[in-house]
Amino acid sequence: MAEYIIEESVKVGKNVTIEPFAVVKGNTVLSDGCVVQSFSYIENATIGRNTVIRSSRITDSVVGDNCTVGPNAHLRNNAHVGNDCRIGNFVEIKASRLHDGVKAAHLSYIGDAEVGARTNIGCGVVFVNFDGRTKHHTTVGEDCFIGCNANLVAPLTVGKDCFVACGTTVDKDMPDGAFSIGRSYLTVKEGRAYKYFKQ
């Protein structure tokens with residue numbers, strides 16, 4: 001039994017590393033120096049130079065040079081990731097374009113979106129692209145910081161140099177340089193927890 005599966009249609013560059021139990025199929029291009037780690041599945045995708053794919057699934061998509069993807073990331077339906085990007089564990093990207101230097105380190109969904117260069121997508125961020133009937137598009141500008149557990153409700157435009165505080169649901173367009181915060185104030189009731197658990 002083969003340690004990995006590489007179809008004849010795959011184009012493999014120089015100094016490419018393909019680890020055991022990887023599957024590479026279709027019209028895939030593995031550029032010079034890239035690494036496909038064990039248990040990755042790649043089909044009809046282009047992987048850039050010196051990019052590392054860590055146990056992730058990439059189909060019908062493009063990843064640029066000097067990126068890291070995974071572990072357990074999922075890129076599909078014409079996802080385009082620029083150069084020098086970090087796509088972390090359990091990040092899903094669908095039908096979206098991420099420009100150079102974007103970081104989405106973990107546990108986020110980016111769907112039907114364009115994300116500007118050097119923008120940071122925090123943990124648990126969801127691009128809310130579906131209203132129950134139609135998919136909508138979100139545009140996020142360059143050099144933005146999207147805090148953890150934020151929801152970006154499409155259709156939406158976030159300008160460049162914007163900051164979205166963690167836990168915020170953004171459903172209105174933000175101009176360049178704007179700060180957005182939309183969450184309830186924390187209420188602390190002392191001495192209540194013990195009584196609650198003893199009921």
For a 4.5 angstrom cut-off between non-hydrogen side-chain atoms, does [X] reach [Y]?
X      : Y      : answer
Phe163 : Ile181 : no
Asn83  : Asn66  : no
Ile47  : Ile53  : yes
Cys166 : Asn149 : no
Leu98  : Ile87  : yes
Leu156 : Asp173 : yes
Asp143 : Lys160 : no
Ile18  : Leu30  : yes

Do you know which two heavy atoms are closest between [X] and [Y], and how far apart they sit?
X      : Y      : answer
Arg49  : Ser31  : N-CB, 3.6 Å
Cys144 : Gly159 : SG-O, 2.9 Å
Ser180 : Val170 : OG-CG2, 3.9 Å
Asn72  : Ser56  : N-OG, 3.3 Å
Cys34  : Gly48  : CB-O, 3.5 Å
Gly26  : Glu7   : N-OE1, 2.9 Å

Taking only residues two or more places apart in sequence, or in another chain, which ones meet Arg76 in a salt bridge (Lys or Arg N to Asp or Glu O under 4.0 Å)?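 Counting only residues at least two positions away or on another chain, Arg76 forms a salt bridge (Lys or Arg N to Asp or Glu O under 4.0 Å) with Glu92.
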Would [X] and [Y] show up in the same hydrophobic cluster when neighbours are defined by side-chain heavy atoms closer than 4.5 Å?
X      : Y      : result
Phe145 : Val158 : no
Val35  : Leu75  : no
Tyr109 : Val153 : yes
Val36  : Val10  : yes
Val62  : Ile58  : no

Using atom types as modelled and distance alone, determine if a side-chain donor or acceptor of [X] lies under 3.5 Å from a backbone N or O of [Y].
X      : Y      : answer
Thr119 : Gly141 : yes
Glu19  : Gln37  : no
Ser96  : Ala79  : no
Thr28  : Ala45  : yes

Starting from Val188 and following side-chain heavy-atom contacts under 4.5 Å between hydrophobic residues (I, L, V, M, F, W, Y), which residues can be reached?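 Grouped by the 4.5 Å side-chain rule, Leu186 form the rest of the cluster around Val188.
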Who else is in the cluster with Leu107 when I, L, V, M, F, W and Y are joined by side-chain contacts under 4.5 Å?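 Phe90, all in the cluster of Leu107.
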Looking at [atom1] of [X] and [atom2] of [Y], how far apart are the two atoms once the value is rounded to the nearest 0.5 Å?
X      : Y      : atom1 : atom2 : answer
His80  : Ile93  : NE2   : CD1   : 11.5 Å
Thr59  : Lys94  : OG1   : NZ    : 12.0 Å
Thr51  : Asp32  : OG1   : CG    : 11.5 Å
Asp176 : Thr157 : CG    : OG1   : 10.5 Å
Asn50  : Thr68  : CG    : OG1   : 12.5 Å
Arg57  : Glu43  : CZ    : CD    : 7.5 Å

Kindly indicate, with the supporting measurements, whether the criterion side-chain contact (heavy atoms from CB on, under 4.5 Å) is fulfilled by Val81 and Val69. CA-CA 10 Å; Val81 175; Val69 177; 5.8 Å; no
Go through the steps to decide whether Asp112 and Phe130 satisfy the test side-chain contact (heavy atoms from CB on, under 4.5 Å), and finish with yes or no. CA-CA 9 Å; Asp112 298 285; Phe130 186 50; over 6 Å; no
Asn151 and Val126: CA distance, side-chain angles, deciding distance, side-chain contact (heavy atoms from CB on, under 4.5 Å) verdict: CA-CA 5 Å; Asn151 297 304; Val126 175; 3.7 Å; yes
Glu114 versus His137, side-chain donor and acceptor atoms under 3.5 Å: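 Glu114 and His137 do not have a side-chain donor-acceptor pair below 3.5 Å.
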